[in-house]
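These notes are about the structure you will find just below.
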Amino acid sequence: MNTLLIWPLIPLTYWGGQYSVKLIGRRAFMPPLGLLTVAALCPQEWNLRLVDLNITGAVSDEDLEWADLAFISGMVIQHSSMKEVIRRCNKAGVPTVVGGPHATSSPEKFDDADHLILDEGEITLPPFFKDYAAGCAQRVYNAGGEKPDITLTPLPRFDLLDIHAYTHMCVQFSRGCPFACEFCDITYLYGKRPRTKEAHQILSELQILYDLDFRGEVFLVDDNFIGNKKNVKLMLPELITWMKEHEYPFWLYTEASLNLADDDELLELMSQAGFHSVFIGIESPSVESLRETQKYQNIKGDMLGKVHKIQSHGMEVMAGFIVGFDSDTEDIFERQIEFITAANIPMAHVAPLNAMPNTQLFNRLRLEGRIEGEWEGDTFDFCNFATKLPALTLVRGYRHILSTLYTPENFFGRLRDLMGALKGSSARTLGRLNMTTKIKYLFPLIGALVKLGMLDKDRKHYWKFMFWVLRNHPDKWLFALCRAITGHHFIRYTEEVVVPRLGLLEKELQEKEQLLLVAAAS
Ligand code: SF4
């Protein structure tokens, strides 16, 4: 059975890193781990071919002629590309099997797919394979609430990748989160009881990446890495040993909740294992907004102090922030900027609140009759519900936040403060990289810096920053270089795409407001 595994296009976004990816001569940011796991679950005799549209741009006619079957996965943001891929497969007569988080949340949007494999594939793929072989495959397979034991999940088929086309690799240790933030769909998709793999699985996955000659940043794509602290603490000592034995070939980062700061043992273990960054959903400096969205774990204690504590263990905090909560007042925009600046967070992902399907937020707003549209996973899908703050105030404030945070001066200002706040492992770990890793990984990075330093209109900021790092934190120069390159994406994307688009939206809303005023006056 010739089978295509197709990963649709991810449009330009903050986290897509497209500007930086280009700069270091790679073609995509991160591979589709879900599809690589699907590949591992496929019958061994099947011939598999991975097509990542973020690398190839499109599915070729030759691929479609070769294929007997096409698996397509994706997130909400990939919706239009998923639909286009399904259309092409249908036209070419290749049966489609659609799954992944978007199809699981909104199966009704995929009437054009031949088969829908919903929920986690470890449960729903085996019966599909059996029925398909017997010629009686059903249209929809779901897990009926059952969650798989991921200690039995096979090793992802990293061998199918063009591994050097990507800037980052990813592995996964756990699924699920014990918290219940109102806007989040993770507990719907993966449950409230975090399930973990065993240490030997993660080490085998890292070993495969190592043997395939990948060096650099590896993202542990867990919903909340510390959701099951007991199991994480059992795994980390083995990871530390592996990393030491292999001379720290990877720089690790992950997603976790802010209560990481309350656990000194965990902080130290992660630091020793070589985690240099952690993404945390901080969401808002407003306690009222945090309470409204049931983010109680962020209310206990001093949030700013907790961020600084994580940084003091050598881990950068990247963070998500949201505007548009019912409890937000007009000062929220300035408060967000002040918090992000005081917290030394160069990479802050600020987004308008949106109600995703199957979340508590969606259900509440639907009962209140406030849902006004669908969320399509884009930063510019401005709140899909009637907000308490006027829409114009929100758009204006949101634009103000982004255009303030991502000027070169402010980005590098926060990055400088972060360099001072980071103690310990990020410096130690990056300093311990062996020579092979340095050569493989550093040359493209240095090439990128030269391009930025010669050709970019903000080149003076890059040079100023790098010389400052060499003078003040010479042990952190590599980390600083990586972040300067990442910053290029954030700065350019904000300036060239985000701010102009939000400006247009603001103008549209202003015109609408004026028309309403005229209508009311006449
Ligand atoms: S902590 Fe993160 S993953 Fe967990 S429910 Fe909240 S937003 Fe979702």
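The residues of the chain are indexed from 1 along the displayed sequence. Whatever order the structure lists them in is the order used to number ligands and atoms, beginning at 1. As a basis for the values below, the full set of heavy atoms in this structure was taken, side chains included, without hydrogen atoms, waters or symmetry mates.
In this structure, the protein non-hydrogen atom closest to atom 2 (Fe) of ligand 1 is K295 NZ, 4.1 Å.
Taking a 4.0 Å cut-off on heavy atoms, E255 fails to register as neighbouring ligand 1.
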Open item on the list: Determine whether N224 and S257 satisfy the following criterion, side-chain hydrogen bond (donor to acceptor under 3.5 Å, both in side chains), listing intermediate values before the conclusion.
Closed with: CA-CA 6 Å; N224 183 352; S257 41; 2.8 Å; yes
TODO: Evaluate the salt bridge (Lys or Arg N to Asp or Glu O under 4.0 Å) criterion for residues R27 and D52: first the C-alpha distance (whole Å), next the side-chain angles of each, then the deciding distance (0.1 Å), finally the verdict.
DONE: CA-CA 10 Å; R27 284 178 288 159; D52 182 344; over 6 Å; no
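Using a 4.5 Å cut-off on side-chain heavy atoms (C-beta onward), F219 and V171 make no contact.
Listed by chain and number, the protein atoms of type N/O/S under 2.8 Å from atom 8 (Fe) of ligand 1 are C184 SG; waters are omitted.
Between E182, Q294, E283, Q297, it is Q297 that holds the heavy atom closest to atom 1 (S) of ligand 1.
With salt bridges taken as basic N to acidic carboxylate O contacts below 4.0 Å, one links R195 and E120. The pair D326-R364 counts as a salt bridge, with a side-chain nitrogen and a carboxylate oxygen less than 4.0 angstrom apart. The pair E122-R175 counts as a salt bridge, with a side-chain nitrogen and a carboxylate oxygen less than 4.0 angstrom apart.
Residues forming a side chain to side chain donor-acceptor pair (under 3.5 Å) with N231 (at least two apart in sequence, or on another chain): T196.
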